Amino acid sequence: MSEAIEARITYVPNDFVRHAEFMRSRNPLAKYSVFIALAVIACALIFVYLLDPAKFLTTFTKPQNIPVFVIPVFLLIAWWFLGKNVTRFFLKRNLEKQINSTPILSVPQLVSFDDEGLYATNQFGSGQTKWETIIETVETEENFFFFTTNKFAQFVPKRFFNAEQINQIKELAKSKLGEKLSFKHR
């Protein structure tokens, strides 16, 4: 490839929120936390049932004991809702404060891809990630993620590139990283 693929990128809080949510989604404990809690509740109920099945049925089937089942389910639904919505709100709010108080995060960056790797440059400095250090690449609807460790990824929003540039980035990554490390689409 002779010419670098370049774009001027200005990150906004929603970019960082999507990045944080994507990285969290890769953590199995965070991804399946509600199901883990349900499994613990189910195991506890099975254990109580196995201790004394007759007493379990007579105790827990009484109308006044129904809250024993309803309250944990309600709490799990509330936990799931708060985890999805409130966490996102506070994360975005904190990131907005951080971006506004940190000039390096709010200024435009020139991001480029070439035969050596990917580069990011702004008025405060520059950084390079060589292709050899990238262990995984993931493409989502809105971003490219370039993993240098299992828990760290540089991300580049796709909205700053046209369709031809996006295809060039994919082809370049595929040629540099090999078939097994080509973009996994999520």
Side-chain angles (χ1 to χ4, degrees), residues 1-33 80-186:
M1 187 176 116
S2 58
E3 198 172 306
I5 306 160
E6 295 181 337
R8 186 159 301 283
I9 293 175
T10 303
Y11 290 95
V12 295
N14 280 337
D15 293 326
F16 293 106
V17 170
R18 278 194 315 275
H19 176 263
E21 288 175 337
F22 174 77
M23 295 303 287
R24 185 172 181 250
S25 75
R26 292 173 55 96
N27 179 345
L29 287 178
K31 190 174 185 179
Y32 300 111
S33 63
W80 175 81
F81 178 79
L82 292 173
K84 288 281 189 189
N85 299 306
V86 174
T87 304
R88 182 178 174 80
F89 171 78
F90 285 113
L91 179 63
K92 183 178 179 187
R93 189 169 155 235
N94 287 338
L95 286 169
E96 284 173 343
K97 286 180 181 178
Q98 212 170 358
I99 288 170
N100 292 335
S101 68
T102 310
I104 196 165
L105 296 175
S106 60
V107 298
Q109 296 185 35
L110 179 64
V111 174
S112 62
F113 297 85
D114 66 16
D115 287 331
E116 296 295 315
L118 61 117
Y119 301 85
T121 305
N122 66 27
Q123 68 193 45
F124 298 106
S126 63
Q128 174 188 15
T129 302
K130 294 191 177 222
W131 290 114
E132 299 85 41
T133 62
I134 297 173
I135 61 171
E136 181 183 359
T137 54
V138 176
E139 176 187 9
T140 65
E141 192 173 315
E142 296 151 328
N143 297 313
F144 287 122
F145 292 90
F146 299 93
F147 286 85
T148 52
T149 71
N150 288 332
K151 296 187 179 202
F152 177 78
Q154 292 179 297
F155 73 102
V156 179
K158 291 167 45 176
R159 70 178 181 276
F160 295 99
F161 297 94
N162 62 40
E164 182 183 338
Q165 289 175 314
I166 289 172
N167 287 332
Q168 289 174 339
I169 292 169
K170 289 181 196 179
E171 288 301 316
L172 179 61
K174 191 174 185 179
S175 71
K176 294 298 178 181
L177 300 174
E179 187 64 38
K180 70 177 186 157
L181 292 176
S182 65
F183 282 99
K184 298 173 186 173
H185 193 71
R186 283 181 113 192

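All values derive from a computational prediction rather than experimental measurement. Values below: all heavy atoms of this structure, side chains included; hydrogens, waters and symmetry mates excluded.
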Closest heavy-atom contact between [X] and [Y]?
X      : Y      : answer
Val138 : Phe22  : CG1-CZ, 3.6 Å
Asn122 : Pro108 : CB-O, 3.4 Å
Tyr11  : Phe155 : OH-O, 2.8 Å
Gln109 : Ala120 : OE1-CB, 3.3 Å

Does [X] reach the main-chain N or O of [Y] with its side chain, forming a donor-acceptor pair under 3.5 Å?
X      : Y      : answer
Gln165 : Glu6   : yes
Ser101 : Gln98  : yes
Asn143 : Phe145 : no
Asn167 : Glu164 : no

Distance in Å, [X] [atom1] paired with [Y] [atom2], rounded so as to fall on 0.5 Å steps:
X      : Y      : atom1 : atom2 : answer
Ile166 : Arg159 : CD1   : CZ    : 11.5 Å
Phe160 : Thr10  : CZ    : OG1   : 5.5 Å
Asn14  : Leu95  : CG    : CG    : 9.5 Å
Thr140 : Lys158 : OG1   : NZ    : 6.0 Å
Thr148 : Lys130 : OG1   : NZ    : 14.5 Å
Phe146 : Leu177 : CZ    : CG    : 8.5 Å

I'd like to check [X] versus [Y] (side-chain heavy atoms, cut-off strictly below 4.5 Å). Are they in contact?
X      : Y      : answer
Phe144 : Lys170 : yes
Ile5   : Phe161 : yes
Leu118 : Ile134 : yes
Phe16  : Pro13  : no
Ile135 : Asn150 : yes
Phe147 : Met23  : yes
Gln128 : Thr133 : no

